[in-house]
Amino acid sequence: MGEHPFASGPVAAYGVILLLAGCAYYLLSRLLIARHGADSALARAVGGDAKGLLSLGRYAAAIVLAFFAPELSSA
């Protein structure tokens with residue numbers, strides 16, 4: 001993260017990038033499952049995607065946490 005490794009701005013920006021990438025993956029997987037059906041191989045492989053939803057929540061929490069404890073947010 002450049003010259004200021006734990007500045008809150010860059011840490012929060014990185015969190016936003018991770019959150020948006022996670023949202024894109026989630027939406028893409030849901031659209032593909034809707035297109036191919038709930039009994040497709042993809043639907044069986046992805047399942048309920050609890051890990052993906054948990055990741056989205058953790059990314060959102062890390063963005064907020066970046067303004068209070070950027071070192072912890074980076075972890």
Side-chain angles (χ1 to χ4, degrees):
M1 292 191 209
E3 297 177 17
H4 308 285
F6 290 113
S8 61
V11 172
Y14 188 67
V16 169
I17 291 169
L18 290 173
L19 179 64
L20 291 177
C23 287
Y25 169 79
Y26 182 77
L27 288 174
L28 178 63
S29 65
R30 292 293 130 195
L31 288 172
L32 286 171
I33 289 171
R35 172 74 171 101
H36 293 284
D39 60 338
S40 67
L42 176 64
R44 287 190 302 273
V46 172
D49 201 21
K51 181 181 172 189
L53 291 173
L54 179 65
S55 293
L56 292 177
R58 291 181 72 183
Y59 294 149
I63 293 168
V64 174
L65 191 60
F67 296 105
F68 301 106
E71 297 87 3
L72 186 60
S73 178
S74 294

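- Considering all non-hydrogen atoms of both residues, Ala12 and Ile63 come closest at O-CG1, 4.1 Å.
- The distance from atom CD of Glu71 to atom CG of Leu65, rounded to the nearest 0.5 Å, is 9.5 Å.
- The nearest pair of heavy atoms linking Leu56 to Leu19 is O-CD1, 3.6 Å.
- The minimum heavy-atom distance linking Ser73 with Ala62 is given by the pair OG-O, 2.5 Å.
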### Message
Let's go through Val46 and Arg30 carefully: what are the C-alpha distance in whole Å and the side-chain angles of both, what is the deciding distance for side-chain contact (heavy atoms from CB on, under 4.5 Å) to 0.1 Å, and is it a yes or a no?
### Response
CA-CA 9 Å; Val46 172; Arg30 292 293 130 195; 3.5 Å; yes
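- Linking ILVMFWY residues whenever their side-chain heavy atoms come closer than 4.5 Å, directly or via other members, places Leu42 and Leu28 in the same cluster.
- Nearest heavy-atom pair across Ala66 and Ser8 is O-CB, 3.1 Å.
- Neither Leu72 nor Val16 shares a network with the other; the hydrophobic side chains, linked directly or stepwise wherever heavy atoms of I, L, V, M, F, W or Y lie under 4.5 Å apart, form separate groups for each.
- By the criterion of side-chain heavy atoms lying less than 4.5 angstrom apart, applied directly or through intervening Ile, Leu, Val, Met, Phe, Trp or Tyr residues, Tyr59 is not grouped with Tyr25; the two fall into different hydrophobic clusters.
- Clustering ILVMFWY residues whenever any of their side-chain heavy atoms sit less than 4.5 angstrom apart, transitively, puts Val64 in a cluster other than the one holding Tyr14.
- When hydrophobic clusters are built by joining Ile, Leu, Val, Met, Phe, Trp and Tyr residues whose side-chain heavy atoms come closer than 4.5 Å, directly or via intermediates, Leu18 is grouped together with Leu20.
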